[in-house]
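Shown next, in structure tokens, is the structure this report addresses.
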Amino acid sequence: MRTTDVDRRLPVKPVAFQILLSLADEDRHGYAITRDIATRTSAGIRIEAGNLYRHIRSMLADGLIEEAGRRPARERDDERRRYYRMTALGRRVAAAETVRLEAVLADARRKRWLRGRA
């Protein structure tokens, strides 16, 4: 069996997966990524700046994300910000990780670990 570029990157670390989810809809800078994650998870996941940028560096090196070339209008921008976007490989990895997590969740349901939960 041949290992693909996607397979080599699975499983995705939880923080990296959250970053990919944050970049799925639009390019974002670091602080916007942390705000999006906190909002989507009802503040259940809060990522400190050092942890965020450590993951971003790793994801850049791994080809999952890249710096975005486009920037907002000058009056809405801060030149110090770096904007990130998901690469095509990042989208494939995020999709594969979603399938993997769905299988884990299905197994947990079969084991009835989620009994009584909405």
Side-chain angles (χ1 to χ4, degrees):
M1 183 168 139
R2 194 180 90 144
T3 303
T4 67
D5 286 343
V6 171
D7 295 332
R8 278 193 290 275
R9 289 166 173 84
L10 297 178
V12 176
K13 292 179 180 179
V15 171
F17 189 61
Q18 288 296 329
I19 293 168
L20 290 172
L21 288 174
S22 183
L23 296 174
D25 298 327
E26 64 183 278
D27 300 350
R28 286 191 163 94
H29 56 81
Y31 182 64
I33 292 170
T34 60
R35 277 194 340 240
D36 177 67
I37 293 169
T39 300
R40 280 187 298 99
T41 65
S42 301
I45 299 174
R46 291 188 180 164
I47 301 171
E48 299 295 326
N51 195 22
L52 173 74
Y53 288 105
R54 187 172 30 262
H55 277 84
I56 285 176
R57 277 192 305 275
S58 175
M59 294 170 75
L60 285 165
D62 214 21
L64 300 177
I65 64 173
E66 62 190 5
E67 277 199 41
R70 287 181 41 191
R71 300 184 67 91
R74 175 167 268 145
E75 64 275 1
R76 292 183 24 231
D77 194 17
D78 180 336
E79 65 186 33
R80 296 170 295 179
R81 290 181 177 154
R82 298 291 170 255
Y83 288 80
Y84 303 97
R85 73 169 149 234
M86 196 179 333
T87 62
L89 175 60
R91 288 194 185 282
R92 291 193 310 271
V93 169
E97 179 67 359
T98 300
V99 170
R100 189 190 73 77
L101 291 171
E102 285 176 333
V104 170
L105 182 57
D107 197 28
R109 285 191 172 118
R110 279 192 297 279
K111 301 280 186 182
R112 299 183 179 190
W113 286 1
L114 302 176
R115 193 178 320 175
R117 296 186 112 178

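Closest heavy-atom contact between R9 and V12: O-CG2, 3.7 Å. Closest approach of M86 to A94, counting heavy atoms only: SD-CB, 4.4 Å.
When the shell of 6.0 Å around CZ of R8 is examined, it contains more than 12 heavy atoms from other residues, nucleotides or ligands.
Atom CG of residue L105 and atom CZ of residue R110 lie 10.0 Å apart, to the nearest 0.5 angstrom. For the atom pair CG (L64) and OG1 (T87), the distance works out to 6.0 Å, reported to the nearest 0.5 Å. E26 contributes atom CD, which lies 13.5 Å from atom CZ of R85 (distance to the nearest 0.5 angstrom). The CZ atom of R100 sits 7.0 Å away from atom CG of L10, with the distance rounded to the nearest 0.5 Å.
Distance alone, capped at 3.5 Å, places no donor-acceptor pair between the R28 side chain and the D36 backbone. Side-chain atoms of R81 do not come within 3.5 Å of backbone N or O of Y31 as any donor-acceptor pair. Judged purely by atom type and a 3.5 angstrom limit, S22 has no side-chain atom pairing as donor or acceptor with the backbone of I37.
For the pair T98/F17, a side-chain contact is recorded, criterion being any heavy-atom separation below 4.5 Å from C-beta on. The side-chain heavy atoms of L52 and V15, taken from C-beta on, include no pair separated by under 4.5 Å. Contact of the R46 side chain with the T34 side chain is not registered, since no non-hydrogen atoms from C-beta on lie closer than 4.5 Å. I56 places a side-chain heavy atom less than 4.5 Å from the side chain of I33. Within the 4.5 Å cutoff, no side-chain heavy atoms of T4 are placed close to those of R92. Residues M59 and L20 form a side-chain contact, since some pair of their non-hydrogen atoms from C-beta on lies under 4.5 Å apart. When side chains are defined from C-beta on, T41 counts as touching Q18, because their heavy atoms get closer than 4.5 Å.
When hydrophobic clusters are built by joining Ile, Leu, Val, Met, Phe, Trp and Tyr residues whose side-chain heavy atoms come closer than 4.5 Å, directly or via intermediates, I65 is grouped together with Y53. Both I19 and L89 are assigned to one and the same hydrophobic cluster, defined by single-linkage of ILVMFWY side chains at heavy-atom distances under 4.5 Å.
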- Message: E67 vs Y84, test: side chain to side chain contact (heavy atoms under 4.5 Å, CB included). Steps then yes/no.
- Response: CA-CA 4 Å; E67 277 199 41; Y84 303 97; 3.9 Å; yes
- Message: side chain to side chain contact (heavy atoms under 4.5 Å, CB included) for H55 and I47? Distances and angles first, verdict last.
- Response: CA-CA 10 Å; H55 277 84; I47 301 171; over 6 Å; no
